[in-house]
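Note that these values count all heavy atoms, side chains included, but never hydrogens, waters or copies made by symmetry. Just so we're clear, the structure is a prediction, and the values are computed from it rather than from any experiment.
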Amino acid sequence: MYKSLNSKLVLIFIVFIITVMATVGIFLTNSIYEYYKDNFVNRIDDALDGAALVRINDVIDGEDYPEKIKEVMLAYSSAFGLDNYRNFYVLDGKADILSSSVENAKEVKLTENVLSAMNGRTGKEQSFGSDVFDYAFCVTGETNSCIVYIVDDMTEMQMLSFTLFSIIIKALIIGLVIAFIMAFFLAKAITLPIQNITKGAQRIASGDYSERLANRSRDEIGTLTRNFNSMAQFIENNLDAVSGEREKLNNIVNRLEAGVAAFDEKGLPLHLNPNSLKMLSLPEHTKPNFSELTAAMGLADVTMKKLKSEKQLHIAEHTLSDVKTRELVVSVDFSTFDYENGTKTGFIVVMQDITDGAVLEKSRREFIANVSHELRTPLTSIKGATETVLEDDEMPPEIRKKFLEIVDNESDRMTRIVKDLLVLSRLDNRRMTWSPSTFDVNDTLERMCASLLPEAKVHGHELTYFCELADKCAIYADKERIEQVIANIIGNAIKYTPDGGKIEVSLTKSGRKGYEISVKDNGIGIPEQDIEHLFERFYRVDKSRSVKAGGTGLGLSIAKEIVDAHNGKITVASKEGEGTTVKIFLPSDTRVGEDGEGREN
């Protein structure tokens, strides 16, 4: 124990010293590198901004220009910082040496800066890890051109870095010695009381809770020792109570989202969470016993005696019909638990609200029944017409044609029903593929009204459209789906308005970031009790008229789903015998397709 902790402390101090010195060394080395790099580039930039570049340009077109450029560079050697470590070369377009500050220079390395100068650009980028600083610029005259290449071999920087590194190594050695000495004495002061605590913990682990440790310290180790003694006393006093309480609390806590009630062996309440009282519409501070609770649930036949023999009881679906708010459908689980070292048996009741699931299952059954009915009607017509044609070989052609037209029309009707069901399925499962774009809804409405005008005239309707908005009415939405909604609403107005009616379509601004489309007719209207059901699937106000008009009973359901997906709203206001007004609100940016549904770009 002592040696292990001592080693760890020594290691921690050593690693700390090494890390600090390494960080400082890296920082200083990098700073030196950045300083020399910036000084190299800036000094040459400053020299070229002065008279040096002018002098070089003056001699570029003269005879023996490489030597003259060399003379200019030497004349401005202090400006360029030329010394034993920094030299220059005058190169031609192929990087061959024309003249140089280095005697008998044969060639230069083709660095990125040299290549940049060969392409007519100034190369002064410095790559970390390179063994030189270099700078190359192109000089172009009327008849001659060359590259001036300046190279610093970084010797001066390396000498300074080596000196700095030597200082850091010396400081590191001194720090390691100090760290070792400090760690030794610190470990000795810490390990002895920790060893005593470890031995005491081992005795408690073996079942001896009477162990108490001597405490002479008032520091953190002393606090730890006092807390250890308190813990041992607490464990000794409460171990038996914890065993029963833990099992009870785990069962209650694990079911907190449901209605949970716990009772002792006599049926008296130990705990009732708020949801259990809320589900039964009982006052907040009521504490019913087991029999009263089961009676309120309508399950008085479930007794404590029955539970003791069966241990568990599950009721998959039960309706709480006496609740004040609404009828609840719940699943109920009864179970028992032992407490006080198994000498007593308690009871737990868990009620899970499954009303939404039950309603969904009811809706599913109704939907299947509606689909079956809607498909059975055209199938019956098709079968009847087909059998009639097959049984009468001598049927006149014109009558045969009528029966075949019935088959064709009913087949089309079935196709429309299936297509609408597929669209609703994609919308329900959030798998609809959207193609959002920005378009002018005013132009769209104007065009659609024009395209539906011939159908309206067939019924003698007056179809008008007006928009008082001067600016472009741009919205970001799926244009094809919005047109589908508008066509359905206007189409319904045309179908269900007696001949010679009036249909008004308008577009207005709604708030700061939206538009409202209104379709108003003076048709037969909708009974008040039917309005709330209009958007339900297969719902028809007048079934005979809807079938005659060719509807599937799914158009408004699809329209509402599309508008909802565009973060919009569709409402219906109607009065029987006076007409109907349908309003559609769409935000300018509908954000359709941004919540995980399919989206085409």
Drop me the distance from [X]'s [atom1] to [Y]'s [atom2], to the nearest 0.5 angstrom.
| X | Y | atom1 | atom2 | result |
| --- | --- | --- | --- | --- |
| Asp264 | Leu270 | CG | CG | 5.0 Å |
| Phe334 | Met304 | CZ | CE | 12.0 Å |
| Glu516 | Lys583 | CD | NZ | 5.0 Å |
| Lys520 | Ser574 | NZ | OG | 11.5 Å |
| Ile482 | Ile584 | CD1 | CD1 | 7.5 Å |
| Thr345 | Asp338 | OG1 | CG | 4.5 Å |

Side-chain heavy atoms of [X] within contact of [Y], under 4.5 Å:
| X | Y | value |
| --- | --- | --- |
| Asn522 | Glu578 | no |
| Ile517 | Ile486 | yes |
| Val582 | Ser518 | no |
| Leu293 | Phe263 | yes |
| Leu556 | Ile489 | yes |
| Leu328 | Thr319 | no |
| Val329 | Glu317 | yes |
| Asn488 | Ile558 | no |

Check the angle between the aromatic planes of Phe290 and Phe347 and answer parallel, tilted or perpendicular using the 30° and 60° thresholds.
->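 The rings of Phe290 and Phe347 sit tilted, inter-plane angle from 30° to 60°.
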Would you call the rings of His459 and His461 parallel, tilted or perpendicular if under 30° counts as parallel and over 60° as perpendicular?
->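 Plane angle under 30°, so parallel.
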Side chain to side chain donor-acceptor pair (under 3.5 Å): which pairs involve residues 285-295, sequence neighbours left out?
->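 Side chain to side chain donor-acceptor pair (under 3.5 Å) check on residues 285-295 returns no pairs.
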Tell me the side chain to side chain donor-acceptor pair (under 3.5 Å) pairs involving residues 297-308, sequence neighbours left out?
->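 Found none.
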Glu576 and Ile526: side chain to side chain contact (heavy atoms under 4.5 Å, CB included), yes or no, with the steps?
-> CA-CA 5 Å; Glu576 195 170 7; Ile526 303 170; over 6 Å; no
For the residue pair [X] and [Y], what are the closest heavy atoms and their distance?
| X | Y | result |
| --- | --- | --- |
| Ser331 | His314 | CB-CE1, 4.4 Å |
| Leu280 | Ala296 | CD2-O, 4.1 Å |
| Thr438 | Ala474 | CG2-CB, 4.1 Å |
| Ser437 | Phe439 | O-CD2, 3.6 Å |
| Val15 | Thr19 | O-OG1, 2.6 Å |
| Trp434 | Arg481 | CZ3-CG, 3.6 Å |

Is the side chain of Asp521 donor-acceptor paired with the backbone N or O of Thr497 at a distance under 3.5 Å, no angle test?
->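 Side chain of Asp521 to backbone of Thr497, a donor-acceptor pair under 3.5 Å: no, none is there.
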If only atom types and distance count, is the side chain of His318 paired as donor or acceptor with the main-chain N or O of Met297 below 3.5 Å?
->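 Checking the backbone N and O of Met297 against the side chain of His318, a donor-acceptor pair under 3.5 Å is found.
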Please tabulate, one pair per line, all N/O donor-acceptor pairs under 3.5 Å involving side-chain atoms of residues 562-571, not counting sequence neighbours.
residue: Asp564; atom: OD2; partner: Lys560; partner atom: NZ; Å: 2.9
residue: His566; atom: ND1; partner: Ile562; partner atom: O; Å: 2.8
residue: His566; atom: NE2; partner: Asp478; partner atom: N; Å: 3.2
residue: Asn567; atom: ND2; partner: Thr590; partner atom: O; Å: 2.6

Atom NZ of Lys509 with >12 non-hydrogen neighbours under 6.0 angstrom =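 Enclosed.
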Can you check side chain to side chain contact (heavy atoms under 4.5 Å, CB included) on Phe585 and Ser510, steps first, answer last?
-> CA-CA 8 Å; Phe585 166 75; Ser510 179; 3.5 Å; yes
Worked verdict on Glu310 versus Leu313 for side chain to side chain contact (heavy atoms under 4.5 Å, CB included) | CA-CA 7 Å; Glu310 297 185 7; Leu313 178 62; 3.9 Å; yes
Tyr476 vs Ser588, side chain to side chain contact (heavy atoms under 4.5 Å, CB included): CA-CA, chis, key distance, verdict | CA-CA 6 Å; Tyr476 180 77; Ser588 300; over 6 Å; no
